[in-house]
Amino acid sequence: MKYVVVSGGVLSGLGKGVTASSIGVLLKSSGLKITSVKIDPYLNSDAGTMSPFEHGEVFVLDDGGEVDLDLGNYERFLDINLGKNNNLTTGKIYSKVIESERRGDYLGKTVQVIPHITDAIQDWIEDVAHVPADGSGDVPDACIIELGGTVGDIESAPYIEALRQFQFRVGRENISFVHVSLVPVMGPVGEQKTKPTQHSVKELRGLGITPDILVCRSTSPMTEETKEKLAAFCHVSPDAVMSTHDVPNIYHVPLMLESQGLCKILNVNCNNTNLLSEWKKMALNLDTLTEEVNIAMVGKYTDLSDAYLSVIKSLQHAAMAVNRKLNIDWIEASHLEDSWKSQSSDEFDTAWDLLRNANGVLVPGGFGDRGIEGKILAAEYARTSKTPYLGICLGLQVATIEFCRNVLNLTGANSTEFEDNPPYPAVIFMPEISKTHLGGTMRLGSRPTLWQVDECKIKSLYGDGESVDERHRHRYEVNPDIIKDIEAAGLVFVGKDETGQRCEIFELKDHPWFIGVQFHPEFKSRPGKPSPPFLGLLQASSENAS
Ligand code: GLN
């Protein structure tokens, strides 16, 4: 087993996850089987209870793990399926050690960060690295370990220490340390500054880890002079200083690292497979797309696109498949509401203009009642104007509420998530969900959806098969008692769960594409393998665009 440890310095948001995933792509292109571990040094057990405002989207795995969005990068870049243990958090490691202490595993000993926590971290990484991830059932050959946060944080100290020790456990020849840092460009002549990186490497070396490779984020390619300076001050070979400068799309990142000789440094032959030539094709294709398609995203975290990262990626995968350049028009759902008009008529008008000009509408998942009425209006607009619509999880629920209110004339139809006792409960709390605990208690992970009809638009895109497996994350469902009435009016629940009761997919009759899914198809979309609900949306929206 080979390990690549990716740490970060200077500041967060440098694209450490993309760098780590890209290194994974290079290793994979040499024929190795890859897995990854993301370390998040916070005390939460998992990302499930964290706000997308703070940490971006919560990514969901097949096994129901609610994890950091970087795991999504790994799954997409490497086309693998990870499990909840691939995301290690301080919450998880302390719980494990404290549980062992209560069992008496350390009887007689004082339990301490060193060695008990640091040993537990190393054991965890080693165990997870050996779990098959690419569907072949084979143990991986290499594991990318990404350490969240920046070097020097108090929280990450036990992990750095564990990784320092780990090099002796696995052998120095089996582990590479990559440090991702920033090279800012200053002044009128655009001087590339190396000092922040020097400091951060000094800190890392002070903690006992000497990086083998430096990856430096900058706006433009790093000059040879800058690379040499960094090499001299950071005790790294000049060939091992890589520049990750701005590129038109992220598919260029593995190619950019390869062209600077990273495969040679990692001692792998990246031409053993045709993976990199596929990436090259993808990166260049994406750069040359000119015909546009406009998708309106009606959500509540529209200032922070990381909150919808996988949805954006899935839209891009589907747009590439239909050869269109994707434009996402972000619409803050509450701006569509009448009440917003008095607050800011400009924002209200802009939101409606964007919606009316869009070729397709997407309402993504969400929690809480802010912007709900705006999302309902967006669903109504898409239904009545025959604009292609995809509703994901909450997006399915709001479209159902809209249909009940405006087609079935059930005034006051609502979800019990937004109103305690609505006159007409169209969406209700699922009976099996905990009312006392919020962490890890939703209906989570991969579950089957069984087709209820022989033919429909969405089924034809999913291909043959009695059922489809997609990932879930919800507490509420369409009220099973009203499904018959809704179907009689034309909104057909074409996919249901294994009990035949719970709605998973609806499709509206006599509409180019009006689909709602209770699951989150965005977590399984891959470049080159777009997710069917997104593909259908983009196909219909492209037709609508031309
Ligand atoms: N809030 C809704 C529920 O819990 C929708 C969840 C979601 O969109 N992920 O059912």
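For ligands, and for the atoms within them, numbers begin at 1 and follow the listed sequence.
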How far is [atom] from its nearest protein heavy atom, and which residue and atom is that?
{"atom": "atom 7 (C) of ligand 1", "result": "Cys393 SG, 2.9 Å"}
{"atom": "atom 10 (O) of ligand 1", "result": "Tyr476 N, 2.8 Å"}
{"atom": "atom 8 (O) of ligand 1", "result": "Gly366 N, 2.9 Å"}

Would you mind running through ligand 1 and noting each atom that sits below 4.0 Å from a heavy atom of Arg473? 6 (C), 7 (C), 9 (N)
Numbering the atoms of ligand 1 from 1, which are under 4.0 Å from a heavy atom of Gly365? 8 (O)
side-chain hydrogen bond (donor to acceptor under 3.5 Å, both in side chains) with Glu504: of Gln518, Arg447, His472, only one passes, and it is His472
Reference residue Glu477; test side-chain hydrogen bond (donor to acceptor under 3.5 Å, both in side chains); the match among Arg443, Arg502, Gln501: Arg502
Kindly assign one of parallel, tilted or perpendicular to the pair Tyr389 and Phe514, based on the angle between their ring planes and the thresholds 30° and 60°. parallel
Kindly assign one of parallel, tilted or perpendicular to the pair Phe506 and Phe493, based on the angle between their ring planes and the thresholds 30° and 60°. perpendicular
Gln518 N/O under 3.5 Å from ligand 1 N/O: no
Tell me the contacting part of [X] for ligand 1: side chain, backbone, both, or neither, using a 4.0 Å heavy-atom threshold, strictly below.
{"X": "Glu417", "value": "side chain"}
{"X": "Arg475", "value": "both"}
{"X": "Met442", "value": "neither"}

Between Glu417 and Arg370 (salt bridge meaning N to carboxylate O under 4.0 Å), is one present in this structure? no
Do the charged groups of Glu402 and Arg383 touch, with an N to O distance under 4.0 Å? yes
Can Met430 be said to touch ligand 1, with heavy atoms closer than 4.0 Å? no
Which atom names give the shortest non-hydrogen contact between Thr89 and Asn44, and what distance separates them? OG1-O, 3.0 Å
